[in-house]
Amino acid sequence: MNELKLSKRLETVAGYIPKGAVFADIGSDHAYLPCYSILKGIAKGAIAGEITDGPFLSAKSQVQKCELTDKISVRQGDGLSVINEGDTVDCITIAGMGGSLIKKILEDGSSKLNQVKRLVLQPNIHAISIRKWLLDNGWVLINEEIIEEDQKIYEILVAEIGDPLLPYQAYSLEANLLLGPILARKKSPVFVKKWSQEYNHWKTIVQKLEQAGHTYENNEKYRELTNKMKLVEEVLLL
Ligand code: SAM
């Protein structure tokens with residue numbers, strides 16, 4: 001991977017950055033996504049935000065190497081705190097972190113979202129935390145993608161300001177939040193693979209719990225997993 005050839009995961013994220021946008025890539029690490037998006041003529045400007053020293057320095061040197069210091073501002077800070085008034089950021093990308101951390105970044109930085117028109121979020125796990133946050137904060141999912149790369153499955157969530165309930169028409173709210181309302185409707189082969197694997201994994205644990213003693217923890221885990229299995233059954237008709 002480099003500034004001209006992204007991983008399939010980041011290329012999918014880049015595909016949702018609106019043409020001509022100024023975007024902030026939070027947790028940019030190597031800054032490949034901002035560099036690629038400018039070099040390919042997708043975005044006209046970007047902020048690469050990083051909290052950690054090493055990745056921040058690596059983003060800085062990558063932007064210098066690509067001679068893009070006039071188009072990409074590399075800033076060190078926590079989450080959306082790197083966005084200043086007057087930056088006119090219209091899109092935010094956050095990729096390669098857990099869903100709970102992405103949700104926290106959005107929650108903590110909610111005052112920076114006023115002018116933002118689109119969020120492109122790629123949680124490695126727990127996309128459910130992000131879907132809940134979007135639902136509670138007036139963002140509508142306009143698309144969801146699920147892809148497989150190097151034996152790992154990734155979800156990409158794209159949201160804009162709008163009626164959050166719009167995509168939540170088929171299935172129960174709980175099933176939609178866990179599996180993704182748009183992904184559940186599309187039911188791509190990768191989606192079916194992910195949830196069949198999860199389902200079988202939970203089934204094995206549930207069988208073990210049935211044989212184990214009835215402690216409080218075991219009972220709670222049993223309830224949690226059997227509930228999630230029912231949600232998967234609802235969508236996959238298992
Ligand atoms: N976005 C890149 C990608 O998808 O390939 C890099 C993902 S990397 C696994 C996560 C990066 O997010 C790390 O470089 C980490 O330092 C940064 N990070 C974690 N928490 C952050 C926060 N609160 N604010 C900004 N950056 C953060």
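Since the structure is predicted, the reported quantities are computational estimates derived from the model, not experimental observations. Quick note: residue numbers are just sequence positions, from 1. In each ligand, atom 1 is the first atom listed, and ligand 1 is the first ligand listed.
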**Q** So if you build clusters from Ile, Leu, Val, Met, Phe, Trp, Tyr with side-chain heavy-atom gaps below 4.5 Å, do Y171 and L179 land together?
**A**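 In one cluster with Y171: L179, yes.
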**Q** I'd like to know if the side chain of N227 reaches the main chain of R223, judged simply by a donor and an acceptor atom lying under 3.5 Å from each other, with no hydrogens or angles considered.
**A**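 Between the backbone of R223 and the side chain of N227 there is no qualifying donor-acceptor contact (under 3.5 Å).
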**Q** When you look for heavy atoms under 4.0 Å from ligand 1, do you find them on the side chain of I105, its backbone, both, or neither?
**A** side chain
**Q** Give the residue and atom name of whichever protein heavy atom lies nearest to atom 16 (O) of ligand 1, and the separation in Å to one decimal.
**A** T52 OG1, 2.7 Å
**Q** Does any N or O atom in G79 lie less than 3.5 angstrom from one in ligand 1, N or O only?
**A**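 Between G79 and ligand 1, an N or O pair is found under 3.5 Å apart.
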**Q** Any N or O of D78 that comes nearer than 3.5 Å to an N or O of ligand 1?
**A** yes
**Q** State which residue, out of R185, K187, K186, R131, fulfils the salt bridge (charged side-chain N to carboxylate O under 4.0 Å, His left out) condition with E144.
**A**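 Running salt bridge (charged side-chain N to carboxylate O under 4.0 Å, His left out) over R185, K187, K186, R131 with E144 returns exactly one hit, R131.
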**Q** Can you list the atoms of ligand 1 that are under 4.0 Å from a heavy atom of H30?
**A** 5 (O)
**Q** Non-hydrogen atoms of R9 versus ligand 1: any pair closer than 4.0 Å?
**A** yes
**Q** Could you list the residues that satisfy ring pair (Phe, Tyr, Trp, His ring centres under 6.0 Å) with Y32, not counting sequence neighbours?
**A** H30
**Q** Thinking salt bridges, do K228 and E224 make one under a 4.0 Å N-O criterion?
**A** yes
**Q** Using modelled atom types and a 3.5 Å cut-off, is there a donor and acceptor pairing between side-chain atoms of N218 and backbone atoms of G213?
**A** yes
**Q** Would you say ligand 1 has an N or O under 3.5 Å from any N or O of A95?
**A**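 By distance alone, the answer is yes.
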**Q** State whether a side-chain donor-acceptor pair under 3.5 Å links Q76 with D53.
**A**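 A donor-acceptor contact under 3.5 Å links the two side chains.
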**Q** If you measure from each non-hydrogen atom of L101 to ligand 1, which part falls under 4.0 Å: side chain, backbone, both or neither?
**A**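 Contact part for L101 vs ligand 1: side chain (C-beta onward).
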**Q** Numbering the atoms of ligand 1 from 1, which are under 4.0 Å from a heavy atom of G77?
**A** 24 (N), 25 (C)
**Q** For atom 6 (C) of ligand 1, state which one of S58, S7, G27, P55 supplies the nearest heavy atom.
**A** G27
**Q** Examine the side chains of N124 and Q122 and answer whether a donor and an acceptor come within less than 3.5 Å of each other.
**A**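 Yes, a side-chain donor-acceptor pair sits under 3.5 Å.
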**Q** To check your reading of the model: name the closest protein heavy atom to atom 17 (C) of ligand 1, its residue, and the distance in Å.
**A**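 Sorting protein heavy atoms by distance from atom 17 (C) of ligand 1 puts E50 OE2, 3.2 Å first.
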**Q** Could you name the option among G96, G54, G98 that has the heavy atom nearest to atom 10 (C) of ligand 1?
**A** G96
**Q** Between N137 and K103, do the side chains contain a donor N or O and an acceptor N or O under 3.5 Å apart?
**A** no
**Q** Report the part of L10 in contact with ligand 1, treating N, CA, C, O as backbone and CB onward as side chain, heavy atoms under 4.0 Å; options are side chain, backbone, both, neither.
**A** side chain
**Q** May I ask which of I51, D108, D25 has a heavy atom nearer to atom 21 (C) of ligand 1 than the others do?
**A**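 Among I51, D108, D25, the closest heavy atom to atom 21 (C) of ligand 1 comes from I51.
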**Q** Are any of the N or O atoms of Q122 closer than 3.5 Å to those of ligand 1?
**A** no
**Q** Residues two or more places apart in sequence or in another chain: which of them pass side-chain hydrogen bond (donor to acceptor under 3.5 Å, both in side chains) with D70?
**A** none
